[in-house]
Amino acid sequence: MSMGSALTDVSNVALENRVIGFSGSPRKNGNSDLVLKKIVSGVKDEALPADGWNLTDFAFSGCIGCEKCRKSKICTGMMDGMSLLYPELQAAKGLVLVSPTHNYNITAWMKAFIDRLYCFYNFENDRPRSWSSQLSNQDRKAVVVAICEQESVEDMGFTLDAMKRPLEALGYEIVGELAVFGVFDKAKVREQEPVMRDAYALGRKLAASLT
């Protein structure tokens, strides 16, 4: 990834039939990272290029609402780690988001990442403002995964929806989701063979939806 390509208008980026994925866990090589890697392996086994990263590897902040992106069509208000990720997001048709549940919701890193996708919206001047997405109508697909220590849907809270709804608004079709319960200790999800099988299958399903 190159910082030099960070300010490309989305309309000039050629879509590629590949998948990128992000883990929003601050605990590297933990459960979220392992699930993401398994999904990526499923994508690759369908002969589709795929890469995955942990968001904590990129130093970036949440959206500050400067509205500079209304003219530039990309975030120019802050030049940080997200500047490296925008070209990847623009180019890849497939997207994977994985987050542990923190206080009934996605992590702060995943929330900041999603908020920084605000630059891909186009807004009109009416009130409330009408809007559209630069990423819509491009056959983009996504899968989302939430991981929770507790064992009930109630305790997982909004984690899945907090990823699904913004992606749908941006124009992604959610082709699969996975809710993982009862996992906390670092990397313990590796011992849950059904979960790892489901994650692998989710990757293959995402790849198949893009071909």
Side-chain angles (χ1 to χ4, degrees), residues 19-40 42 52-65 81-82 85 89 94-121 128 131 133 135 140-203 205-206 209:
V19 172
I20 58 172
F22 299 99
S23 161
S25 175
R27 186 165 59 175
K28 290 185 181 180
N29 299 314
N31 298 311
S32 296
D33 286 13
L34 290 176
V35 169
L36 175 59
K37 288 176 182 178
K38 201 66 176 179
I39 294 172
V40 167
W53 298 280
N54 185 297
L55 287 174
T56 64
D57 287 331
F58 302 87
F60 65 96
S61 302
C63 176
I64 59 173
M82 281 298 295
L85 300 182
L89 283 158
L95 179 62
V96 181
L97 297 184
V98 183
S99 179
T101 296
H102 281 195
N103 204 20
Y104 301 94
N105 214 324
I106 53 178
T107 66
W109 291 267
M110 184 61 74
K111 182 65 166 63
F113 170 81
I114 291 174
D115 284 352
R116 290 289 295 278
L117 303 185
Y118 174 75
C119 64
F120 291 124
Y121 288 111
W131 57 271
S133 170
L135 306 181
R140 293 177 182 268
K141 315 284 187 182
V143 297
V144 295
V145 181
I147 301 176
C148 183
E149 176 186 4
Q150 305 302 320
E151 297 182 341
S152 72
V153 173
E154 290 78 11
D155 287 321
M156 181 171 280
F158 311 103
T159 313
L160 281 174
D161 270 354
M163 292 181 283
K164 287 167 53 179
R165 293 194 180 190
L167 292 187
E168 288 172 335
L170 283 164
Y172 286 88
E173 178 188 352
I174 308 300
V175 298
E177 62 183 80
L178 179 61
V180 181
F181 297 95
V183 180
F184 175 77
D185 295 316
K186 186 174 181 178
K188 278 292 185 179
V189 74
R190 185 186 287 118
E191 301 173 8
Q192 294 202 10
E193 293 184 8
V195 170
M196 300 306 277
R197 283 198 304 268
D198 287 346
Y200 177 79
L202 204 57
K205 181 179 180 179
L206 176 59
S209 74

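Both backbone and side-chain heavy atoms feed into the values below; hydrogens, waters and symmetry mates do not. Starting from 1, each residue takes its place in the sequence as its number.
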Hey, does the side chain of [X] reach the backbone of [Y] with a donor-acceptor pair shorter than 3.5 angstrom?
{"X": "N54", "Y": "S25", "value": "yes"}
{"X": "K205", "Y": "V175", "value": "yes"}
{"X": "K186", "Y": "K28", "value": "yes"}

With a 4.5 Å limit on heavy-atom distance, are the side chains of [X] and [Y] in contact?
{"X": "V180", "Y": "D198", "result": "no"}
{"X": "N31", "Y": "V35", "result": "no"}
{"X": "L95", "Y": "R140", "result": "no"}
{"X": "V96", "Y": "L36", "result": "yes"}
{"X": "N105", "Y": "K111", "result": "no"}

* Would M110 and L97 satisfy side-chain contact (heavy atoms from CB on, under 4.5 Å), going step by step from the backbone distance to the final call? -> CA-CA 8 Å; M110 184 61 74; L97 297 184; 4.1 Å; yes
Minimum heavy-atom separation for [X] and [Y], please, with both atom names.
{"X": "C63", "Y": "Y118", "result": "SG-CD2, 4.2 Å"}
{"X": "A187", "Y": "N29", "result": "CB-O, 4.0 Å"}
{"X": "A142", "Y": "L206", "result": "N-CD1, 4.0 Å"}
{"X": "P100", "Y": "T107", "result": "CG-CG2, 3.5 Å"}
{"X": "M156", "Y": "C148", "result": "CE-CB, 3.6 Å"}
{"X": "P26", "Y": "T56", "result": "CA-CG2, 3.7 Å"}

* Could you check I147 against F184 for side-chain contact (heavy atoms from CB on, under 4.5 Å), going step by step and ending with a plain yes or no? => CA-CA 8 Å; I147 301 176; F184 175 77; over 6 Å; no
* Listed by chain and number, what are the side chain to side chain donor-acceptor pair (under 3.5 Å) partners of S99, not counting sequence neighbours? -> none
* To do: Quick one: sort the F113 and F22 rings into parallel, tilted or perpendicular, breaks at 30° and 60°.
  => tilted
* I would like to know whether I106 and I114 meet side-chain contact (heavy atoms from CB on, under 4.5 Å); could you show each step before the answer? => CA-CA 10 Å; I106 53 178; I114 291 174; 4.0 Å; yes
* Should M82 and L117 be marked as a side-chain contact (heavy atoms from CB on, under 4.5 Å) after you check the CA-CA gap, both sets of side-chain angles, and the distance that decides it? -> CA-CA 9 Å; M82 281 298 295; L117 303 185; 4.2 Å; yes
